[in-house]
Every structure is written in structure tokens, then in C-alpha cells.
Amino acid sequence: QVNGAIFASNGGDITVKAYGDAAITLLDASGTTNGDVSVTSSNEAITDNDGGSAMDSVLPDYDIIANTATLSANGNIGDGNADPADYTQFIDTNVTSLKASSGGDIFVDEKGAIILTDVEALGNVEIVASGDITATKVVAGDLAAIVSGDIQLDSVTGDITGVLNGGDINVGSIIADTTNGEIVLATGDGAINNNATGTNVAAHSLVMFAATGIGSGNALETAVSDLAARNTGTSGNINITNTGALTLEDAGTIDSEMQTWGFAVNNAGGSINISAASPLTVNNNVLATQDNSTITLTADDSITQAAGTTVGTDGTATGITINATATSGAFTQVNGAIFASNGGDITVKAYGDAAITLLDASGTTGGNVTVTSSNGAIIDGDLGSAMDTTSQDYDITANVATLTAKDNIGDEGIDPTDYSKAIDLNIDSLTATSYNGSIVVDEKDNITLTDVEAGNGSVEIFAAGSINAIKVVA
């Protein structure tokens, strides 16, 4: 079809078949009851031949108007551009649902809401719509990008920073290559919802951007290796359950075309709950920016937090509750890693050793810290000392610290004045139980020993101030 050419059925079905390219400008099956449109290119591509866009709010252009569009091509269906916000070579639709199969890539932009009944490509799939997107089944090779709203670009760098407008993304099943494949789900005004039973997203990496929650009412079920998630609005939780080992990573690290966020997970509207049915690695910040939110990290295996990262408050939010559970492995904070709750309680549970560098529950009203190692020890992960008058180091800052371990809690240094392996405290009171080892802690100033018991070892408490020993058993 040359630019300006039209097929118009007034409610009837339209079918186009070509051996070579199928270049379309307008296949209009609208009517009192819309008909369906089917386009097939058995050996080449389906292309947009007029360069418009259904996403153009001033002068939208449509290549297909129908109830259901069924597109099949040996090559691409539509085409992309270097500028991700340029949809002029996409297939522009005004349809209710889409079925598409491509031996190459699929690029479609939709005027309003759309149901992706069955969309499969050997290459990339990029679907952009101004309304809700229900992804019943999407299968892609390297990339599946499902975006509700206009992509927003940084005016200087051109990096993707987010999306504008849009509706909900309801995820049934979206699959990309699990070795290198990436899935991007983004909406400027809506939520990303679990819309089916079983795994919703399977790929190597997943980046999600929403405004009113991600898996808020029903956790999104994923099978990915790398994850970045951001909720920018004032409501909605982030709930994700992952099968397999999971690394929480900055979006800019996962995809170089995206702007570096400065965090892996950030929720401005509520709580964060992420679980992995295998090891969980925190490679960048996990932040809650709304007061009194909860961050829960759970792994069936171990949890490792990288150096220089923070889990908890963004610095302004108060009363953040932080829970971390390594069900069958160790909990490890690498030197420089921080849990910061700004007055909320912090709880760490590990089956193996719990190596801590800083669990900071300080705030206007201090929170409490609880650390449990059911089959290992509680270890000072950075070898500093609260007794160092030049450069004090704290593993725990809180009102009350409750420490429980099968083996040692802290350890002795090379001499009686070496507190580098002790658990370094800046607290008011301590409750500690070691069932099969010793307890060695050092405190910044005054401390109350509410109940400290070492079942099969010694108790060594060092403090720069007074010690009030209510109950100590060694």
C-alpha cells in the first residue's frame, strides 16, 4: 500500500497474504462491530509504509484498526529505531487483541489497551501502548519490552529514564532467552500485576518500572538471574518470588541503554518483599522511601550483600522494618555493607554463619536488632572496634540487641586489647545466647547485660562506659 492507500471493510474481515514484503498503510475493519485483520508475509516482513504512530497524541496514525489483528512474517513485523521513543516504523494498531508470529523482531504500538494473546518472535518483541497491556503469552529471543505509556528519554544523554502516562501491565507469561535474554516491563501511571498461575516472567534479566506497585496484591513469579525494580508512585508494594539464584542489580548495569538508577530496588509507595528459591545477592541498594515500610529479603540458600550497598531507608524515610532470612545458608555483609532502618527494627536470620558489618537501627526513636544463626556463628565482618577512640566501628547500632547462635558470638583477638573480632556495639542493652561457644562483644559506652548466656564457653564484655550485669551465665 502506497502512503494514503486504504482497505476499508466497515466491520468485515480483512486478509492480506504476500510471498514478499507486506507494506501496509491502513487496513480498517472498524464498523458497528469491528472485524478482524490478518496479514501474512510468508518469506519477508510486514512493514509500516506511512511512518506515523498510534502513540502520537496530536495526530495518531493507524496501520490496522480491528477487533483482533493476526500477523505472521518470516522476517520482522514492524521495525525499531535508534531512539526508543520513536515508533514511526512500528506497526500502528487500534485493536483489542494481537496474535503475532515472527522469524525476526516484532515492533507494535497501540492506541489504547491491548491483549497480547499469543506473541512470539525468534528475535526481540517490543510492544508499546497508551493503555493497559495484558500479556497472556509473549515469547522472545533476546529482548521483550512491554511498555504502557511513552518512553521518557534523558534530554542530555538520551538514556531511558522512565515512561510517561500508561496503564497497568497484567502479566500472564513472558519468556525470553534464559542465557542472555532481557525483559523490560514499564508503565508510567499503572501497576505491574500477576495475571496467571505459574511463572510470569522467565529470562536472564528483568527490569521493571511502575507507579502503583509491582506484584502488589499477588507476588510476581519470576525465573530470572538479574533483577531491577522501581515503583515511583505513593502507593503499591513490590512483591517478587524468584525461582533460582537471584542478583539485585542496577538497571543501568543490566541494560546500558538505561540510565543508572543508583539502586537495584526502590519503592516510594510501600513495602518490598523479594524471595529467591536459591542464593540471593544484593549488588546495589534496596531502598524504601515511605515511612514505616517493610523490606523483606528471603533466600532458600544464602544472602550476600555487596560492599558499599544499603538496604533500608533512602535517608529520609523513618521506621523502616528490615527482615533478612537465609533459610539454609549463611548471611554475609561484605565490608562496607549497611542495613539502615532509621528507627525501625532489623531482624537477620541465618542457618549458617551471620557475618555482619553494620545493622543500624538508630533514629529519633531507636529500633531493635535481632540476629540469629541457628547452626553457625555470628561474626564481625569488618574487624573494626567500638573501643577504637580514633575510628570507632559498629556492627550493631540499636536500642536493644538480641543475639542467638549455635556457636560463637564474636571472637577473641590476638591479645586482650584486640577487639577486632568482637561484635562491636552501640546499644543500650544486650540479650545474647551462645549454645555451644563463647560470647565476645565490645560496647561504645554504657551497656546493660539483660540476659547473656554462653552454654559451652566464656563471656567477654568490653565497654568504654559502665556495665550493668543483670544476668550473665558462662
Does the side chain of Thr222 come under 3.5 Å of the side chain of Asn242 through a donor N or O and an acceptor N or O?
-> yes
Got Thr241 and Asn239 here, is their nearest side-chain heavy-atom distance under 4.5 Å?
-> no
Short question: side chain of Asn49, backbone of Gln1 - any donor-acceptor pair under 3.5 Å?
-> yes
State the CG-CD1 distance between Leu287 and Ile295, to the nearest 0.5 angstrom.
-> 6.5 Å
Would you please test Ile114 and Thr96 for side-chain contact (heavy atoms from CB on, under 4.5 Å) and show each step?
-> CA-CA 5 Å; Ile114 189 170; Thr96 302; over 6 Å; no
From CA spacing to verdict: side-chain contact (heavy atoms from CB on, under 4.5 Å), Asn342, Thr318 = CA-CA 5 Å; Asn342 201 357; Thr318 61; 3.5 Å; yes
Result for side chain to side chain contact (heavy atoms under 4.5 Å, CB included) between Leu358 and one of Asn335, Thr310, Ile338 points to Ile338
Side chain Asn200, main chain Leu220, donor-acceptor under 3.5 Å | no
Interatomic spacing from CG in Asn76 to CD1 in Ile46 - rounded to 0.5 Å = 10.0 Å
Does the side chain of Arg230 reach to within under 4.5 Å of the side chain of Trp261, using non-hydrogen atoms?
-> yes
Is there a side-chain contact between Leu227 and Met208, using heavy atoms and a 4.5 Å cut-off?
-> yes
Rounding to 0.5 Å, atoms CG (Asn94) and CD1 (Ile64) come to a distance of 10.5 Å
Donor-acceptor pair, His204 side chain versus Thr179 backbone, under 3.5 Å?
-> yes
Any donor-acceptor pair under 3.5 Å from Asp360 side chain to Ser362 backbone = yes
Side chains of Asn170 and Asn193: is there a donor and an acceptor less than 3.5 Å apart?
-> yes
Find out whether Asn273 and Ile238 are in side-chain contact, i.e. whether some heavy atom of one side chain is under 4.5 Å from a heavy atom of the other.
-> no
Quick one: does Lys349's side chain get under 4.5 Å of Val371's, heavy atoms only?
-> no
Work out which heavy atom in Thr93 is nearest to a heavy atom in Glu110; give both atom names and the distance.
-> OG1-OE1, 2.6 Å
Start with the C-alpha gap between Val119 and Lys137, add the side-chain angles, then the distance that decides, and say whether side-chain contact (heavy atoms from CB on, under 4.5 Å) holds.
-> CA-CA 6 Å; Val119 176; Lys137 181 181 180 182; over 6 Å; no
Distance from Tyr19 atom OH to Thr40 atom OG1, nearest 0.5 Å?
-> 14.5 Å
Do you know the tightest heavy-atom contact between Ala228 and Glu249?
-> CB-O, 3.2 Å
Side chains of Leu248 and Val286: closer than 4.5 Å at any heavy-atom pair?
-> yes
Answer yes or no: does atom CZ of Phe263 have more than 12 heavy-atom neighbours from other residues, nucleotides or ligands under 6.0 Å?
-> yes
Ile303 side, atom CD1; Thr325 side, atom OG1 - distance, nearest 0.5 Å | 6.5 Å
Do the side chain of Asn194 and the main chain of Gly215 share a donor and acceptor less than 3.5 angstrom apart?
-> no
Test item: Ser102 side-chain N/O and Ala121 main-chain N/O as donor-acceptor pair under 3.5 Å = no
At what distance, to the nearest 0.5 angstrom, does CG of Asn67 lie from OG1 of Thr33?
-> 9.0 Å
Please report the closest heavy-atom contact between Asp92 and Ser53, naming both atoms and the distance.
-> OD1-CA, 3.5 Å
Thr187 side-chain N/O to Gly167 backbone N/O, donor-acceptor pair under 3.5 Å | yes
Could you check if a side-chain atom of Ile274 sits within less than 4.5 angstrom of a side-chain atom of Leu246, using non-hydrogen atoms only?
-> yes
What pair of heavy atoms forms the shortest contact from Val400 to Asn368, and how long is it?
-> N-OD1, 3.1 Å
Only one of Asp48, Asn81, Thr47 passes side-chain hydrogen bond (donor to acceptor under 3.5 Å, both in side chains) with Gln89, and that residue is Asn81
Correct closest heavy-atom pair for Thr243 and Ala277 would be CA-CB, 4.2 Å
Distance-minimising heavy-atom pair for Ser341 and Ala361 = OG-CA, 3.1 Å
Does the side chain of Asn124 come under 3.5 Å of the side chain of Asp142 through a donor N or O and an acceptor N or O?
-> no
Donor + acceptor pair across side chains of Thr88, Asp86 (<3.5 Å) | yes
State, yes or no, whether a side-chain contact exists between Met55 and Val128 at a heavy-atom distance under 4.5 Å.
-> yes
Short side-chain donor-acceptor distance under 3.5 Å, Ser97 and Thr68 | yes
May I ask you to decide if Thr234's main-chain N or O and Gln290's side chain share a donor-acceptor pair within less than 3.5 Å?
-> yes
Using modelled atom types only, decide if a donor and an acceptor are shared between the side chain of Thr365 and the backbone of Gly343 within a distance under 3.5 Å.
-> no
Short side-chain to backbone donor-acceptor contact, Asp353 and Ala330, under 3.5 Å = no
Working for side-chain contact (heavy atoms from CB on, under 4.5 Å), residues Asp50 and Asp61 | CA-CA 9 Å; Asp50 58 9; Asp61 173 79; 3.1 Å; yes
